[in-house]
Peer 1: 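Here's a structure for you.
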Amino acid sequence: MSTDPTAEPERYDPLVVEPPIAQRWAAERTYSLRPGPAELDPSSLERAPYYALTMFPYPSGDLHMGHAEIFTIHDALVRHLRMTGHTVLNPIGWDAFGLPAENAARNRGADPKAWTYANIDEQRSTIVRLGYSFDWDTVLHTCDPEYYRWTQWLFLALFDAGLAYRREALVNFCPSCSTVLANEQVVDGRCERCGTEVSRQPRTQWFFRITEYADELLSGLDDLDWPERVKNSQRAWIGRSEGAEIVFPTADREDEIHVYTTRPDTIFGATYFVFAPEHPVVRRRMAGDRAYDAYLAEVTRRSDVERQAGKTGYRLPFDVVNPFTGEDIPAYAADYVLMDYGTGAIMAVPVGDQRDFDFARQEGLEIRVIIRPTGPDGQLLDELDPDTMTEAYTGPGVMVHSGAYDGLPWHEAKARIIADVEAKGWGTAKVNTRLRDWLISRQRSWGAPIPIVHCRHCGEVPVPQEDLPVTLPDDLDFTVAGSPLDQHAAFKHDVVCPRCGDQDATRDVDTMDTFVDSSWYFLRYLSPTDDTRPWPTDAAGDWLPIDQYTGGVEHAVLHLLYSRFVVKAMRDQGYVDADEPFQALLNQGQVIMDGAAMSKSKGNLVVPGEVTDTYGADTLRGTMLFASAPEDDIDWADVSPTGMHKWLSRVWRLTLEELARDDQGAVPLAEEGAARLRRATAEAIDRASAEYAARKFNTAIAQLMTLTNAVLDATRHGRGGPAVREALEALLTMLAPVCPFITEELWTRLGHDASVHDQRWPVADTALLVDEEVEVVVQVNGKVRGRLTVPAGADAEAVESVARADERLAGHLAAEVVKVVFVPDKLVNFVVRA
RNA sequence: GCGAGCGUGGCGGAACUGGCAGACGCGCUGGGUUUAGGUCCCAGUGGGCUUCACAGCCCUUGGGGGUUCGAGUCCCCCCGCUCGCACCA
C-alpha cells in the first residue's frame with residue numbers, strides 16, 4: 001500500500017479483482033458441504049440445516065439474463081443465510097434432456113450429447129464467473145445414464161404402485177414436434193414449445209395417475225408459503241367442483257347414460273340431451289352410419305381452436321328420458337361436450353347454461369323456465385320469458401315448474417334433489433375435477449427411455465432393476481422422418497421378454513416427458529453418486545420439504561404440480577417421509593428490454609457476459625437486485641449498471657483511503673463526528689438486516705448506500721480511525737451477499753485472514769439507536785404546521801406546552817382547540833374550530 | 001366471461017400495524033477538478049404561488065365518493081393495465 005498521499009489511489013477494476021477469486025472458489029470447492037459424495041445427515045450438522053434450491057437450467061446455449069436474475073436472487077439469499085447461522089445445502093445441476101438437442105442434431109448434424117455437454121460447460125463457466133456459491137460436489141445432469149437410471153426406477157416404482165398405466169386416449173398431438181403432449185403443455189390450444197395448433201388423436205400412451213392425488217394436491221396448497229397466484233393457478237387447474245352424477249335411461253331402456261352436473265337443481269329445465277361425439281354409447285349405436293361417421297371425422301379433425309369458433313351438433317335417432325319429468329327428450333351429439341370431462345354426456349338446460357342456451361337457439365329447441373330470479377335481499381324479481389331472453393340466467397332464484405321443489409331457493413333445491421336422486425337410485429352425489437392424468441410418453445429420442453418391454457404373451461413387462469438403465473444408443477439417425485429411437489433396430493428389437501424370454505419382444509420406443517426428469521431431481525441432490533438407490537430415504541425426510549425454492553412462474557401448473565405428485569406418491573410407497581417438496585416459493589420477475597421479452601430476432605438481447613466484461617459480476621448482480629423487489633420484472637432499458645459501478649467504486653476508494661490513513665497515522669475523527677458515524681452504522685445494520693430478512697434487496701442496498709454517504713461525509717476532511725473502519729467493515733459484511741467479489745477483496749486488504757463470507761452477520765449496537773431527543777410533527781387539523789424537538793418519551797401535556805410556546809405555531813393555535821391527538825415520540829394533532 | 005393482482009415525480013422504485021409522500025439511485029440543471037471527454041467532487045431537482053430574504057401557503061399517490069383528528073394505505077363505484085383459467089356441464 002502506498003504511503004505517498006499525493007499518489008493516485010488504485011482504481012476499482014473488477015476485471016482484475018474478480019476472475020482470480022472466482023477461480024479459487026471453483027477450484028477449492030469453497031461452498032461444498034462435504035468432502036465426498038456420501039449422504040448428508042442434517043442432524044449431524046452444527047448449524048441449522050437449510051435446503052435452498054433454484055430451478056436448474058436447461059442447457060440451450062449460454063446463460064441469459066433470466067438465469068442471471070434467478071441465480072443472483074438465490075445466491076444473495078443463500079449467502080445471507082450462511083452469515084446468519086445456517087448450513088445451506090445449495091446444489092446445482094442441468095435439466096439436460098429435451099427437444100432443442102434433437103433439433104440441433106436434425107438441423108445441423110450435431111451430436112445431441114456433445115451439443116448438450118458443450119452448452120453445460122459454457123453455462124458452468126459463466127456461473128463460476130458470476131460468483132454463485134453452488135456446491136460443485138453434487139452436480140447432476142438428467143441426461144447422464146447414472147441419473148436417468150433412477151428416473152426409470154421412478155417410473156417402475158409408480159408402475160408397481162399402479163400409478164403408471166398405458167391406455168388409448170384422445171391425446172394432444174403437435175404435428176410440428178411430431179409428438180404427443182400433456183394437457184399442461186397445451187396453451188390456448190397450441191403447443192407450448194412451438195405454437196403450432198394441437199390436434200386430438202387416439203393413441204395408446206403412458207400416463208401417471210396424478211388424479212389419484214387431486215384432493216390432496218388441492219388441500220395441501222393451503223399450508224404452502226407460495227405466491228397466491230401460483231396457488232390459484234393450481235387450484236384452477238385441478239378444478240374441483242361438487243355436483244351429482246345422474247342416470248338418464250334411453251327411451252328404449254337399452255342403455256343407461258350417466259351425466260355429471262353441478263346444477264342438479266335445474267333438472268326440470270333439461271329439455272334435451274347431448275353426448276360428446278366420441279361417446280362409446282353413441283359410437284356403438286351409430287356404428288355403420290355413414291353420415292354419422294362423417295360428422296365424427298369432421299369433429300375429430302377440428303382442433304380445439306377451431307371448435308371454439310362455433311358449435312356443431314348432430315340429431316341422434318333416439319331419445320333419452322329425464323328421470324324427474326319422465327319426458328322423452330331429444331338426444332344430440334355435439335362438439336361442445338367434451339369426452340374427457342365428466343362423463344362425456346350432459347343434460348342440457350338452456351335456461352340456466354349459456355352454452356346450452358346458444359345451442360337451443362341455434363337448433364330451435366325448447367327453453368323451459370324453471371327458476372325465478374331473486375334480488376340481493378331475496379325478493380322476487382320479474383319472471384323470465386323464454387321468448388325474449390337473450391342469455392341464460394345463472395343468478396340466484398327460487399324454483400318454479402319443478403314439481404315438489406317449487407318455491408325452494410335454488411341451493412336448497414340442489415341439496416334436496418341430490419338427496420332424492422340417491423334415495424331413488426338414480427345417481428349419486430359426486431365431486432369432479434378438471435385435472436386429468438399426466439401423459440408422459442413422448443415420441444422423442446433425447447430423453448429417458450421408458451423401461452418397458454412389450455411381449456405378445458406377457459404384455460407390458462417392466463425391465464428388471466438389475467438391467468437399468470435402459471440406455472440410449474449413441475448412433476441414432478436423426479435424418480429419418482419420425483422418431484429415431486423407433487427406427488433404431490437394435491434398440492427396439494435386440495431384447496427378449498424378461499418374463500418369458502420371447503425373442504420377438506420389443507422395447508417401448510418412447511421416452512419420458514422431461515418433466516419426469518425434473519419432478520424428483522431435488523431428491524437426487526442428496527446423494528447424486530449413490531449407485532445403490534435413488535436417494536437416501538431416511539435423510540430425505542429431514543431435508544424435505546425444501547425451505548426455499550426460487551424459480552419462474554411459468555412452472556405454476558407444470559413442474560410444481562408434477563413434483564408435488566411425485567413426492568406424495570413416493571411417500572405412500574415408503575420412500576420419503578414428506579408431504580410436499582417445496583415449502584416456500586419465490587417467483588422472480590422477468591428481465592425484459594423496452595417492455596418486451598429479450599430475443600435475438602428482436603435485436604434487443606443483452607447477455608450477462610457483456611455486462612460482466614464491461615463492469616464486472618458484482619455490478620451486474622447489484623444492478624439486478626437494486627432495480628426492484630425480486631418478484632418484479634426488470635426492464636433493462638430502465639436500469640443503470642453505471643450507477644451501481646459508481647457506488648462500488650466509491651466503496652472501494654473509501655476503504656483504500658482509510659487504509660492509507662491508517663498507514664500514515666492520520667488524525668482520527670473528532671468525537672462528535674465519530675459518534676454520528678457510529679450511530680449511522682448502527683442504524684444501517686438495524687435497517688438493512690430487516691430488509692434482508694424480508695428479502696427486499698433493493699431497499700437493503702439503499703440502506704448500505706446511505707451508510708456509504710455517511711462515511712463519505714465523515715471523512716470529508718481527511719480524518720478517519722476506528723469509527724470509519726467499523727462503518728466500512730459493517731458495510732462490506734452486509735454487502736457481501738450481493739457483491740461477493742469486491743467485498744472479499746477489500747475485506748482481505750483490511751487485514752483479515754478469514755473470508756468476509758464466513759463472517760457472522762453484524763449486530764446493531766442498540767444503545768446507539770435510542771434517542772434522547774426526538775422530533776415530533778405538529779399538525780393542525782391534520783395538516784403539518786411544524787416540527788418540535790422534545791425529550792424522548794415526553795407526554796402529551798409537555799409536548800402541547802412546547803407547541804403553544806412556539807411562536808411560529810401561535811397563529812395556527814389561536815382558535816379554540818377542541819381536541820388533541822397525541823402519538824408519543826411521533827406526532828401531535830390539534831383539532832381547532834375553523 | 002370468470003378469478004387474481006397492480007396504478008406514486010422525467011425513469012426504476014421507497015413509505016412497519018392509517019401518522020412528515022417521494023427514502024435510495026438513475027436522469028437532468030448549475031458549479032468545481034481535468035488539455036479535452038469520461039471518471040470524480042459540490043449544490044439543486046414533484047407542480048404552482050407569495051416573499052428582498054428567512055420563510056410561508058396551496059395542490060399532488062389513475063378518477064369520483066365515503067370512514068377518520070388524520071388516507072398512498074381502510075370501504076364503495078368507475079377507468080386503465082397485467083397475469084391465470086376458459087365450450088369444464
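Note on naming: letters A, B, ... go to the chains in the order of the sequence lines (proteins, then strands), and numbering restarts at 1 for each one. Just so you know, these numbers use all the heavy atoms, side chains as well, and skip hydrogens, waters and symmetry mates.
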Peer 1: At less than 4.0 Å, is any side-chain N or O atom of Arg785(A) found next to OP1 or OP2 of C58(B)? Yes or no.
Peer 2: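 For Arg785(A), the contact criterion (side-chain N or O under 4.0 Å from OP1 or OP2 of C58(B)) is met.
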
Peer 1: Taking any strand in view, what nucleotide pairs with U34(B) in a Watson-Crick or G-U wobble way, both distances under 3.5 Å?
Peer 2: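 Checking every strand shown, U34(B) finds no partner, since no pair has both distances under 3.5 Å.
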
Peer 1: Quick one: classify the glycosidic conformation of G13(B) as syn or anti, with syn meaning within 90° of 0.
Peer 2: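 With its glycosidic angle more than 90° from zero, G13(B) counts as anti.
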
Peer 1: Pick the C1' atom in C74(B) and in U68(B), then give their distance to the nearest Å.
Peer 2: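 Roughly 10 Å separates the two C1' atoms.
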
Peer 1: Considering only atom C1', compute the distance from G46(B) to G13(B) and round it to an integer number of Å.
Peer 2: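 So the two C1' atoms sit 15 Å from each other.
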
Peer 1: From Asp356(A) CG over to Thr266(A) OG1, what is the distance, rounded to the nearest 0.5 angstrom?
Peer 2: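 Rounded to the nearest 0.5 Å, the CG-OG1 separation comes out at 8.5 Å.
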
Peer 1: Report yes if a side-chain nitrogen or oxygen of Tyr260(A) is closer than 4.0 Å to either non-bridging phosphate oxygen (OP1 or OP2) of A89(B); otherwise report no.
Peer 2: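 Looking at the OP1 and OP2 atoms of A89(B), neither is under 4.0 Å from any side-chain N or O of Tyr260(A).
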
Peer 1: If you measure only the distance, is there a donor-acceptor pair under 3.5 Å linking the side chains of Ser628(A) and Asn698(A)?
Peer 2: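 Distance-only check fails for Ser628(A) and Asn698(A).
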
Peer 1: Mind checking the C1' distance from G64(B) to G80(B)? Whole angstroms is fine.
Peer 2: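 Rounded to whole Å, the distance is 15 Å.
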
Peer 1: Between the side chains of Asp358(A) and Arg361(A), is the shortest nitrogen-to-carboxylate-oxygen separation below 4.0 Å, so that they form an ion pair?
Peer 2: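 No.
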
Peer 1: Listing time: all N or O pairs from protein to nucleotides 2-12 of chain B that are below 3.5 Å?
Peer 2:
unit_1	atom_1	unit_2	atom_2	d
G12(B)	O2'	Ala627(A)	O	2.7

Peer 1: Determine the interatomic distance between P on G10(B) and the same-named atom on C88(B); round to the nearest Å.
Peer 2: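 It works out to 46 Å between them.
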
Peer 1: Does Asn709(A) have a side-chain nitrogen or oxygen under 4.0 Å from the phosphate oxygens OP1 or OP2 of A23(B)?
Peer 2: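 No, no such contact exists.
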
Peer 1: Just compare C69(B), U39(B), A89(B) and give me whichever is closest to any side-chain atom of Lys646(A).
Peer 2: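 Nearest listed nucleotide: U39(B).
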
Peer 1: Of the nucleotides C59(B), A89(B), G25(B), which has the atom closest to the Met705(A) side chain?
Peer 2: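 Nearest listed nucleotide: G25(B).
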
Peer 1: Which residue lies toward the 5' end of RNA chain B, Met339(A) or Leu712(A), if each is placed at its nearest nucleotide?
Peer 2: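 So the residue in question is Leu712(A).
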
Peer 1: Which nucleotide wins on minimum distance to the side chain of Thr699(A), given the candidates A14(B), A86(B), C24(B)?
Peer 2: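 Looking only at side-chain atoms, Thr699(A) lies closest to A14(B).
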
Peer 1: From G19(B), C59(B), C26(B), pick the nucleotide closest to the side chain of Gln779(A)?
Peer 2: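 Closest of the options to the side chain of Gln779(A): G19(B).
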
Peer 1: If A53(B) has a Watson-Crick or G-U wobble mate with both distances under 3.5 Å, name it; if not, just say none.
Peer 2: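 For A53(B), the partner nucleotide comes out as none, under the 3.5 Å rule.
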
Peer 1: Which nucleotide wins on minimum distance to the side chain of Thr262(A), given the candidates G19(B), A89(B), C20(B)?
Peer 2: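 My answer, after comparing the listed nucleotides, is A89(B).
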
Peer 1: Would you say C41(B) has OP1 or OP2 under 4.0 Å from some side-chain N or O of Arg650(A)?
Peer 2: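 So the side chain of Arg650(A) is within the cut-off, an N or O lying under 4.0 Å from OP1 or OP2 of C41(B).
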
Peer 1: In terms of side-chain geometry, is the basic nitrogen of Glu242(A) or Lys414(A) positioned less than 4.0 Å from the acidic oxygen of its partner?
Peer 2: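 No, this pair does not count.
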
Peer 1: Using the C1' atom as the reference point in each nucleotide, state the distance between C20(B) and U61(B) in Å, no decimals.
Peer 2: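 Per the computed distance, 15 Å lies between those C1' atoms.
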
Peer 1: Can you tell me if the side-chain N/O atoms of Lys231(A) get under 4.0 Å from OP1 or OP2 in G84(B)?
Peer 2: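 Answer is no, no contact under 4.0 Å.
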
Peer 1: In Watson-Crick or G-U wobble terms, both distances under 3.5 Å, what is the partner of A43(B)?
Peer 2: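 U29(B) is the nucleotide pairing with A43(B).
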
Peer 1: Between Arg687(A) and Glu691(A), does at least one N-O distance fall below 4.0 Å, as a salt bridge requires?
Peer 2: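 The answer is no: the pair does not qualify as a salt bridge.
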
Peer 1: Is any side-chain N or O of Asn698(A) closer than 4.0 Å to OP1 or OP2 of A14(B)?
Peer 2: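 So the side-chain polar atoms of Asn698(A) do come within 4.0 Å of the phosphate oxygens OP1 or OP2 of A14(B), strictly under.
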
Peer 1: Report which part of the nucleic acid Gly643(A) touches: base, sugar-phosphate, or nothing (heavy-atom distance under 4.0 Å, all strands).
Peer 2: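 Answer is sugar-phosphate: Gly643(A) comes under 4.0 Å of backbone atoms only.
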
Peer 1: Taking only side-chain nitrogens and oxygens of Lys819(A), does any of them come within less than 4.0 Å of OP1 or OP2 of C69(B)?
Peer 2: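 So the side-chain polar atoms of Lys819(A) do come within 4.0 Å of the phosphate oxygens OP1 or OP2 of C69(B), strictly under.
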
Peer 1: Please report the distance separating the P of C16(B) from the corresponding atom of A86(B), rounded so that it comes out in whole Å.
Peer 2: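 These two P atoms come out 37 Å apart once rounded.
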
Peer 1: Does OP1 or OP2 of A86(B) have a side-chain N or O of Arg434(A) closer than 4.0 Å?
Peer 2: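 Yes, because at least one side-chain N or O of Arg434(A) sits under 4.0 Å from OP1 or OP2 of A86(B).
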
Peer 1: Is there a side-chain contact between Val828(A) and Val777(A), using heavy atoms and a 4.5 Å cut-off?
Peer 2: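 Of all side-chain heavy-atom pairs linking Val777(A) with Val828(A), none is under 4.5 Å.
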
Peer 1: Using heavy atoms to find the nearest nucleotide of RNA chain B for Val337(A) and Ser233(A) separately, return the residue whose nucleotide is more 5′.
Peer 2: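 Counting from the 5' end, the first nearest nucleotide belongs to Ser233(A).
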
Peer 1: Could you tell me the Watson-Crick or G-U partner of G3(B), where both distances fall under 3.5 Å? Say none if there is no partner.
Peer 2: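 G3(B) is paired, partner C83(B).
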
Peer 1: Where the side chain of Val784(A) is concerned, which of C20(B), C24(B), C41(B) is the nearest nucleotide?
Peer 2: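 Shortest atom-to-atom distance from the side chain points to C20(B).
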
Peer 1: Any donor-acceptor pair, under 3.5 Å, between the side chain of Arg436(A) and the base of C88(B), if you only look at N and O atoms?
Peer 2: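 Pair found.
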
Peer 1: Under 6.0 Å from the six-membered ring centre of Trp410(A) and within 45° of its axis: does the NZ or CZ of Arg263(A) meet both?
Peer 2: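 Cation-pi check for Arg263(A) and Trp410(A): passes.
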
Peer 1: Over all strands shown, is Arg716(A) touching base, sugar-phosphate only, or nothing at heavy-atom distances under 4.0 angstrom?
Peer 2: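 Here Arg716(A) touches the backbone only, sparing every base.
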
Peer 1: How are the rings of Tyr332(A) and Phe359(A) set relative to one another: parallel (under 30°), tilted (30 to 60°) or perpendicular (over 60°)?
Peer 2: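 Because their plane-to-plane angle is over 60°, the rings of Tyr332(A) and Phe359(A) count as perpendicular.
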
Peer 1: OP1 or OP2 of A15(B) less than 4.0 angstrom from a side-chain nitrogen or oxygen of Lys696(A), does that happen here?
Peer 2: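 The answer is yes; a side-chain N or O of Lys696(A) sits under 4.0 Å from OP1 or OP2.
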
Peer 1: Is any side-chain heavy atom of Trp636(A) closer than 4.5 Å to one of Met65(A)?
Peer 2: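 Yes, their side chains come closer than 4.5 Å.
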
